[in-house]
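Written below as structure tokens is the structure these notes are about.
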2 protein chains.
Amino acid sequence: MSDSHYQYPKHHVAVDCIIFGYEKDILKVLLSHRRFQPAQGDWSLIGGWIREEETAEKAAERVLVEITGLKDIYLEQVEVFSKLDRDPGGRVISIVFYAMIRLDKHDSVLAEKHGTGWIAYNKIPKLVFDHEQMLLAAHEKLKLKASYELIGQNLLPTKFTLTQLRKLYEAIFQRKFDPGNFRKKVLSLGMLEKQTDKNTSDSKKGAYYYRFENKEENLIRDNIVKRF
Amino acid sequence: MSDSHYQYPKHHVAVDCIIFGYEKDILKVLLSHRRFQPAQGDWSLIGGWIREEETAEKAAERVLVEITGLKDIYLEQVEVFSKLDRDPGGRVISIVFYAMIRLDKHDSVLAEKHGTGWIAYNKIPKLVFDHEQMLLAAHEKLKLKASYELIGQNLLPTKFTLTQLRKLYEAIFQRKFDPGNFRKKVLSLGMLEKQTDKNTSDSKKGAYYYRFENKEENLIRDNIVKRF
DNA sequence: ACAAAAGTGTTTCGGCTACACCCATGC
DNA sequence: GCATGGGTGTAGCCGAAACACTTTTGT
């Protein structure tokens, strides 16, 4: 596709981001409470236009920096939504991304200023346009990734206990995992490094902290969750 | 994203399709031999522009009809490629799809007219721009799908033997599967319907034909190929 | 008779599951 | 002492993998 581009139609192209965060055993999503028309007062995903001089990924990063103040966020493409009437304001092609961010790091003042809020995944209100479908697609993709790769690096604090990691998985998959089996499974991957100190606030006995080893080989692909 | 669209930049948006076909135990891809500048003589994927009044999926379907004469083709989104310089002719955002088509059904005269050819997957020549990356991404997605769903419906003739199905899988994964185990695995899914007639051309003994049962429950999600 | 694919049966092995059970500690 | 989460051990089960073996038929 390269000859005489200029005679062909051009389109408005946007990015919409599903920003996952994790706090108090709950998977959350950063949503925006629209303060103007159309759909004023409704909740929507965080999005923005793609500029002429930026890739879709750069646009998503820019939007994330504007809202959360965070750079170097984990981002993954989900899907393109291009129905003609998906946005009542006009024909807009939207490229959907999901992001994982560490809630403890994010700039809440900035988020507040943009009228955003962290909403528990299982308590998502009605969203504008096709944003619910986008959210579902992003969640499926997140589960798929978490099922064959150990995630958590981008959602948990640097140091975490295995119970915290398990509860993250329980929040993502909305189901329980056997504590003993989960522990054995994730440790067998050899991606976690045991620390010498313990967390004593979540239990009486105290649980050792772990952290992700930053090896190159950490692209381990194994079945962590078999079916879902 | 809906207020005052008109002040925001618009982009050229294209679709590029990786069209998979299967013939003589070989996985093939339909490529186009460019007959004009730029990159004249080079091979490229089949693509086209998205029109104002069509979705990305519709654009891909239209392109496929133009080239193969086939409607109702299996299509799946792969990924968006949006690097600024990916197309030397200008800034083009490309939405990549892969398709599976039955080679026995396709219109070879039409394809010929467009300067296209079926190339074996493991003998792909150098492709223009970022089309090689697109092809790799599409192949990964195809393998992922084939690993948890029984595919073949869209690549094989209506009637096929289990050996033909196995060889399709071997072509997709570029590895061998144990004939006995493969047979037991796919039959255990209960998605195939044994026919009364046999194929006698591929072997002396003859092998029963099977066909896909067209049940709704055929959305079975199981591990057909564990790791790859 | 032999080769070659079709089709069935069997054994082994590893991993997941479901537990039981001990440990450490705050109350 | 007892409740609670931390952590270890183990028996059973299921499915994948490896491979032996029998069937059928064209040459």
Under 3.5 Å, is there a donor on one side chain and an acceptor on the other for N199(B) and T161(B)? no
Suppose the criterion is salt bridge (charged side-chain N to carboxylate O under 4.0 Å, His left out): which pairs have a residue in residues 56-71 of chain B, not counting sequence neighbours? E54(B)-R62(B), K58(B)-E61(B), R62(B)-E66(B)
Rounded distance (Å) that lies between atom C1' of dA16(D) and atom OH of Y148(B): 21 Å
Whole-Å distance, D202(A) CG to dT25(C) C1', equals 14 Å
If we ignore angles and hydrogens, is there a donor and acceptor under 3.5 Å between the side chains of D25(A) and Q164(A)? no
Is the number of heavy atoms from other residues, nucleotides or ligands under 6.0 Å of K198(B) NZ greater than 12? yes
Please give, in whole Å, the distance from dG7(D) C1' to K185(A) NZ? 19 Å
Going 5' to 3' along nucleotides 18-27 of chain D, which nucleotides have protein heavy atoms under 4.0 Å from the base (write B), which only from the sugar-phosphate (write S), and which from neither (write -)? BB---BBBS-
If you take the centroid of each ring, where Trp contributes its six-membered ring, are Y169(A) and Y22(A) closer together than 6.0 Å? no
Residues which pass side chain to side chain donor-acceptor pair (under 3.5 Å) with T200(B), listed by chain and number, not counting sequence neighbours: none
Rounded interatomic separation in angstrom, taking CZ from R166(B) and C1' from dG7(C): 12 Å
Whole-Å distance, F182(A) CZ to dG7(D) P, equals 13 Å
Within this structure, what is the CZ-to-P distance between F177(A) and dG15(C), rounded to whole angstrom? 19 Å
Taking any heavy-atom pair under 4.0 Å as a contact, classify T200(A): base, sugar-phosphate, or nothing. nothing
Once you round it to whole Å, what is the distance between C1' of dA17(D) and NZ of K176(B)? 17 Å
Which part of the nucleic acid, if any, lies within contact of T161(B), taking any heavy atom under 4.0 Å across all strands shown: a base, the sugar-phosphate backbone alone, or nothing? nothing
Determine: side-chain N/O of R183(A) to OP1/OP2 of dT8(D), distance under 4.0 Å, yes or no. yes
Rounded distance (Å) that lies between atom C1' of dA16(D) and atom CZ of F173(B): 15 Å
Using the ring of each side chain (for Trp, its six-membered ring), is W43(B) parallel, tilted or perpendicular to H33(B), with breaks at 30° and 60°? tilted
